[in-house]
Chemist: 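Here it is, the structure, as structure tokens.
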Protein chains: 2
Amino acid sequence: MSRAPAKQLEPRKTPVQTRSAVTVHAIAEATIQVLLERGPDRLTTTRVAARAGVSVGTLYQYFPNKQALLFAVLEDHLGRVAAAVEHASSASEQAPLSVMVEKVVTAFIDAKMLRADISLALYAVAAELDGARLVARLGSRTQRALARMLDTASDAHFEDAAFTAGMMLAAMSGTIRAVFEAGVRPKAVRRFRAELQLMCEGYLRAAARPAKECTGSGPGLAQCSQPSAAHTPDQ
Amino acid sequence: MSRAPAKQLEPRKTPVQTRSAVTVHAIAEATIQVLLERGPDRLTTTRVAARAGVSVGTLYQYFPNKQALLFAVLEDHLGRVAAAVEHASSASEQAPLSVMVEKVVTAFIDAKMLRADISLALYAVAAELDGARLVARLGSRTQRALARMLDTASDAHFEDAAFTAGMMLAAMSGTIRAVFEAGVRPKAVRRFRAELQLMCEGYLRAAARPAKECTGSGPGLAQCSQPSAAHTPDQ
DNA sequence: GCATTCGATGAAGCATCCTTCAGGTTTGGA
DNA sequence: TCCAAACCTGAAGGATGCTTCATCGAATGC
């Protein structure tokens, strides 16, 4: 989102001793804590360093600037989620749609929920630095994995699995975001999980061109519609 | 998102002469332009004022601080979208699901697309100030309108229309956000519109408890599942 | 024409905070 | 034990940018 020229985001120095490895981890963890307690605009490098129990100078030894620090934390979190979904996807190939949806949705929500606090705090971060690029990068990896899975569905066929996967991913990300921002309560999460499965499966069945016949469940549902053509996916 | 104590966000002074009304509008418009051209972290009050052709002092005569300025712009935009969806909802009561979905999705996308540039620029703003509260406020208004509409569907019945409406809203917001952030191309928008309708209708049919019988379209689709109970909605 | 309110100005105060660097401490191997 | 590399320190430089206020210009009512 930021128009600022992308600064150096790579780590300045790689830890070689155990001591510094601990330090780097402490800094990353402190970043999240400060983010949660003070909010994104009250997050200063000095504060993060203090929280981590080191001095600012140390922080700058491993992260060239503040953006790089936030970027690293964001990357780590998104990477975990992406990996979880990819794993669930590849493990569910050849399965029927309902199983795929259940596995993927569960994996996605669990990965996000594992550290719901971080997820929430990072939404603001993603907007400030050019998180869009990072989201795009990790997102498209995930999207490809999802598409590969969809292509192997035992009970459905997709004209353009990549596009469909993109929509599904967007729906999952979007809805979970809404849930986070509304405040997560444990009960609600269980219900949300079930409902998101309904949504994904409902969408996939509607988007699929069933190999057999069209078993519409009511008038108006464009269940047999053929997408105009195979465009390039939108994500 | 911000933990900062909510500052005064209300306008400091209401324009009484035409002159100042023009000024206020110019400032708001300039805010958007600066946001688009320089990005959120390069947006300064001085820059906005200069762009609007006034001095900083003037800006502070109508907006108590920078946050209030951004807040006003965000509120205006979200308000327009909310109004569009509400209008489409109330205009589609008593209709079948497919019509409802078509009207609402179209209204939503059109409202967002009308000034796609603003939508995109404001995602960052919403994260920085406590946009969550604003989104919640306007969102729940919209959600209620959607729920009212769903309750009158001629061909479906919902156990908990409020919850279902929340999910649908989240899906719409989430997916359109993904599209915006991926970069909008006109062709893709048309396709996205159709696909989002598929998704919403697919979800609603899956979430509804059909009055007649359960016409499942395949194994595994929990089309007749009864949500555990009527909880309070999640948004 | 005058007084009062409204509107606009912009230099300067003030605060925040990112980042550096010169010099200290710790570690691990020789 | 000693040394070189790794690691850490934190005060200070330097830049940015929000916000105020004393002052001037414009409009409106009488």
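Numbered from 1 within each chain, the chains take letters A, B, ... in sequence-line order.
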Chemist: Output the rounded distance in Å from CZ (B/Arg42) to C1' (D/dC18).
Modeler: 16 Å
Chemist: Quick check: any donor-acceptor pair below 3.5 Å linking the side-chain of A/Ser55 to the base of D/dG10?
Modeler: yes
Chemist: Closest to the A/Val56 side chain: D/dC8, C/dC6, C/dT19?
Modeler: C/dT19
Chemist: Using atom names, set out every protein N or O paired with an N or O of nucleotides 28-30 of chain D below 3.5 Å, distance rounded to 0.1 Å.
Modeler:
none

Chemist: Any sub-3.5 Å donor-acceptor pair from A/Thr106's side-chain atoms to A/Lys103's backbone N or O?
Modeler: no
Chemist: Between atom CZ in A/Arg47 and atom C1' in C/dC17, what is the gap in whole Å?
Modeler: 10 Å
Chemist: Tell me whether the OP1 or OP2 atom of C/dC17 has a side-chain N or O from A/Thr45 closer than 4.0 Å.
Modeler: no
Chemist: Just by distance, do the side chain of B/Thr44 and the backbone of B/Arg47 share a donor-acceptor pair under 3.5 Å?
Modeler: yes
Chemist: Answer yes if the side chains of A/Tyr203 and B/Glu195 hold a donor-acceptor pair under 3.5 Å, and no otherwise.
Modeler: yes
Chemist: Taking the side chain of A/Asn65 as its heavy atoms from C-beta onward, which of D/dC18, C/dG7, C/dT19 lies nearest to it?
Modeler: C/dT19
Chemist: Let's go through B/Ile176 and B/Phe192 carefully: what are the C-alpha distance in whole Å and the side-chain angles of both, what is the deciding distance for side chain to side chain contact (heavy atoms under 4.5 Å, CB included) to 0.1 Å, and is it a yes or a no?
Modeler: CA-CA 8 Å; B/Ile176 206 170; B/Phe192 170 66; 3.9 Å; yes
Chemist: Donor-acceptor pair, distance only, cut-off 3.5 Å: does the side chain of B/Arg51 make one with the backbone of B/Thr31?
Modeler: no
Chemist: Measure from the side-chain heavy atoms of A/Thr23 and tell me the nearest of D/dT19, D/dC8, C/dC6.
Modeler: D/dC8
Chemist: Measure from OH on A/Tyr62 to C1' on D/dT9 and round the result to the nearest Å.
Modeler: 13 Å
Chemist: Does CZ belonging to B/Arg80 count more than 12 external heavy atoms closer than 6.0 Å?
Modeler: no
Chemist: For B/Leu43 and D/dG17, what is the distance between atoms CG and C1' respectively, to the nearest whole Å?
Modeler: 11 Å
Chemist: Of the options D/dT9, C/dG7, D/dA6, whose atoms approach the side-chain atoms of A/Gln61 most closely?
Modeler: D/dT9
Chemist: Report yes if a side-chain nitrogen or oxygen of B/Tyr60 is closer than 4.0 Å to either non-bridging phosphate oxygen (OP1 or OP2) of C/dT9; otherwise report no.
Modeler: no
Chemist: Looking at A/Thr58, does any N or O in its side chain come under 4.0 Å of the phosphate oxygens OP1/OP2 on D/dT9?
Modeler: yes
Chemist: The side chain of B/Thr46 lies closest to which of these nucleotides: D/dC7, C/dC18, D/dC18?
Modeler: D/dC18
Chemist: Calculate, to the nearest 0.5 Å, the distance between atoms CZ and CE belonging to A/Arg191 and B/Met167 respectively.
Modeler: 9.5 Å
Chemist: Would you indicate what B/Val54 reaches in the nucleic acid, counting non-hydrogen atoms under 4.0 angstrom: base, sugar-phosphate, or nothing?
Modeler: sugar-phosphate
Chemist: Round to a whole Å and report the spacing from CZ of A/Arg19 to P of C/dT26.
Modeler: 8 Å
Chemist: Look at A/Asp76 together with A/Arg115 and state whether they make a salt bridge at an N to O cut-off of under 4.0 Å.
Modeler: no
Chemist: Taking atom C1' of D/dG10 as reference, at what distance in whole Å does atom CG of A/Leu59 sit?
Modeler: 13 Å
Chemist: What's the CG-P distance between A/Asp41 and C/dC17, to the nearest Å?
Modeler: 9 Å
Chemist: Using atom NZ of B/Lys66 as one end and atom P of D/dG17 as the other, report the distance to the nearest whole Å.
Modeler: 8 Å
